[in-house]
Amino acid sequence: MEQSNTLKSEVNTAYPNLNSKNGGIAFSVNVGAFLITSLMAGIIIILFGIDDKSDAYVYINYLASPIALTVCCTVFLAVSKIPYKAVFPVKCKPKYYFIGILLIFGLLFAVSPVNTYVVKLFELCGYQPRESSSYYPDLSGAKIIPAFLVMAILPALVEEFLFRGVILNCCERSMGGLPTVFTVGFCFALFHGSPEQTVYQFIVGCALAFVAVKSGSILPSILMHVINNGLIVTFAACNLFDADGNLMMSDTANIIIIVFAAVALVGGLVWLFLDKKPFKKGEKWGVAKFYIFASAGIAVFSLIWILSLFGCA
C-alpha cells in the first residue's frame, strides 16, 4: 500500500506545472495570440486589396488561428517548462480509435442537425447566418488538396494540441476528469465564436475530451477531428450542401443515415462508459483557478460571440 501511494505521488508531482491555473493562462494567452494574428491577417488583406470573395481571403483567415495557436502553445510550454510528452500523449489501446470513429459518425449525422434549430432560434433575435458557400475556397479538381490540408488536417492538429493537449492535461490533474471534459468542451465551442454551431461544437468538444481522458492519448481525438472536418470539406466539394449548410438528400436517405448515426453514437458512448478507467478526482479550488485565469479569454470571446450574433463581427 505504501509503495502504491508513493508511485501515485510521483505521478502527480512529475509535472507540477500541469495545473488548472496554467490551463486558464494557456487559454487566455492563446486568445490574445489569435486576436493579434487575426489583426495582422486583416492588415495584409487591406494592404494587398484582397477581395473578400477570393480564395486568398478564405485561406488567410483559415491560417490565422493555426499559426497563432502553434506559436503560442510552443512558447507557453517552453516558458512553463512543460515537456511536449506531458501534453501530447500518444499511447492507447486500439479500441479507442474505433470508439472515436463511432462517436464522430454519430455526432456528425445525428447531432449536427441541431444547428438548424439553433439558427432558427437566433433568427428570432435578428441573427443573419452566412451562406455556407462563403466558408469555402474553390474546391474543384486538385484544388481540394490544399483546402483539405488547411481546413481539415491543420485545424484538427493544432486545435487538439491546445484543447485536448495543453488545456486538458493541465486541468485534469487539478479539476478532475468530469469537470475537465465540460470545461474543455465549453472553451472549444466559445473559441470558434460561431453562434449557429455553438451547441454542436460544445457537444463535439466534450466528446473529444471524453475520449482523450478515457484513452489517455490525444491521437483518437485528432482522428475524430480530422474525420469531422474532412467529411465537411468533401461534402462541400461535391456540392452536397444547400444555401443553409444542410446536406441535400431525400427524406428517406436522411432518416436512414440519422438512425445508423444514432445507433453508432449510443454504441460508442456505451462502450466508453463501460471503460473501467475511472475519472481523476480534482483538488479544492481547481475549477475556480482555471476560470479565474481563463476569464480574460472567456470575456473576449463571449463579446465576439455576442457581436457575431448581431452581425457585428
Side-chain angles (χ1 to χ4, degrees), residues 8 11-31 69 73 76-77 80 82-92 96 99-100 103-104 107 156 158-192 198-225 268-269 271-298 301-302:
K8 183 177 180 181
V11 171
N12 290 338
T13 59
Y15 306 113
N17 288 334
L18 281 180
N19 53 62
S20 58
K21 172 186 173 182
N22 279 336
I25 293 173
F27 181 72
S28 288
V29 297
N30 272 276
V31 169
L69 301 192
C73 284
F76 172 79
L77 292 179
S80 302
I82 298 174
Y84 281 93
K85 65 180 180 180
V87 299
F88 210 95
V90 295
K91 293 183 179 180
C92 72
Y96 293 108
I99 292 174
L103 290 178
I104 204 61
L107 289 167
V158 176
E159 289 177 10
E160 291 309 304
F161 181 28
L162 172 61
F163 292 101
R164 263 64 62 174
V166 175
I167 295 178
L168 183 144
N169 285 284
C170 280
C171 291
E172 188 182 10
R173 294 167 184 265
S174 298
M175 295 172 59
L178 197 57
T180 295
V181 167
F182 289 108
T183 294
V184 171
F186 165 71
C187 291
F188 178 72
L190 186 63
F191 189 85
H192 285 79
T198 295
V199 175
Y200 176 67
Q201 287 169 341
F202 171 71
I203 295 172
V204 170
C206 290
L208 294 169
F210 192 17
V211 172
V213 166
K214 283 290 188 176
S215 67
S217 170
I218 197 173
L219 295 185
S221 63
I222 289 177
L223 175 64
M224 293 169 69
H225 206 146
L269 287 174
W271 196 354
L272 204 55
F273 275 111
L274 291 176
D275 191 285
K276 295 182 180 180
K277 182 180 178 181
F279 283 118
K280 291 181 180 178
K281 294 183 179 180
E283 304 170 356
K284 187 177 181 181
W285 308 114
V287 175
K289 287 179 181 178
F290 173 83
Y291 283 98
I292 288 172
F293 288 93
S295 59
I298 291 173
F301 262 102
S302 294

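Using a 3.5 Å distance cut-off with no hydrogens or angles, the side chains of Ser221 and Glu160 do pair a donor with an acceptor.
With rounding to the nearest 0.5 angstrom, the NE2 atom of His225 is 11.0 Å from the CD1 atom of Ile218. Thr183 OG1 to Phe163 CZ: the interatomic distance, rounded to the nearest 0.5 Å, is 12.0 Å. Taking CD1 of Ile25 as the start and CD1 of Ile167 as the end, the distance is 12.0 Å to the nearest 0.5 Å. Atoms CZ and CD1, from Phe88 and Ile82 in turn, are 15.0 Å apart once rounded to the nearest 0.5 Å. The CZ atom of Phe27 lies 10.5 Å from the OG atom of Ser295; values are rounded to the nearest 0.5 Å. Considering OH of Tyr84 and CG of Leu77, their distance stands at 5.5 Å, rounded to 0.5 Å.
The two residues Cys171 and Gly23 come nearest to each other via the heavy atoms SG-CA, 4.4 Å. Nearest approach of Asn17 to Asn22, heavy atoms of both residues: O-ND2, 2.7 Å. Counting all heavy atoms, side chain and backbone alike, Leu190 lies closest to Phe301 at O-CD2, 3.3 Å. Summarising the geometry of Phe186 relative to Ile298, their closest heavy-atom pair is CE2-CD1, 3.9 Å, with the distance given to 0.1 Å. Of all heavy-atom pairs between Tyr96 and Val211, the closest is O-CG1, 4.4 Å. Closest approach of Lys277 and Asp275 over heavy atoms only: N-OD1, 2.8 Å.
Applying the side-chain hydrogen bond (donor to acceptor under 3.5 Å, both in side chains) definition to pairs two or more places apart or across chains, none involves residues 203-217.
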Result block: side-chain N/O donor-acceptor pairs under 3.5 angstrom for residues 201-209, not counting sequence neighbours:
none

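Side-chain contact check for Cys170 versus Ser20: every heavy-atom pair is 4.5 Å or farther apart. Looking at heavy atoms from C-beta onward, Phe290 lies out of side-chain contact with Thr180 at the 4.5 angstrom threshold.
Using a distance-only test at 3.5 Å, with no hydrogens or angles considered, a donor-acceptor pair links the side chain of Asn30 to the main chain of Ala26. Listed for the Asn19 side chain is no donor-acceptor partner under 3.5 Å among the backbone atoms of Ser174. Between the side chain of Lys280 and the backbone N or O of Met175, no donor-acceptor pair lies under 3.5 Å. Listed for the Ser28 side chain is a donor-acceptor partner under 3.5 Å among the backbone atoms of Phe293.
The 12-atom threshold is exceeded at OH of Tyr291, counting heavy atoms of other residues, nucleotides or ligands nearer than 6.0 Å.
For the side-chain contact (heavy atoms from CB on, under 4.5 Å) test, residues two or more places apart in sequence or in another chain that qualify with Pro83 are Tyr15, Lys85, Ala86.
With a 6.0 Å cutoff to the six-membered ring centre and a 45° limit on the axis angle, Arg164 does not count as a cation-pi contact of Phe210.
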**Request:** In sequence, state the C-alpha distance, the side-chain angles, and the governing distance for Lys289 and Lys284, and then conclude on side-chain contact (heavy atoms from CB on, under 4.5 Å).
**Result:** CA-CA 9 Å; Lys289 287 179 181 178; Lys284 187 177 181 181; over 6 Å; no

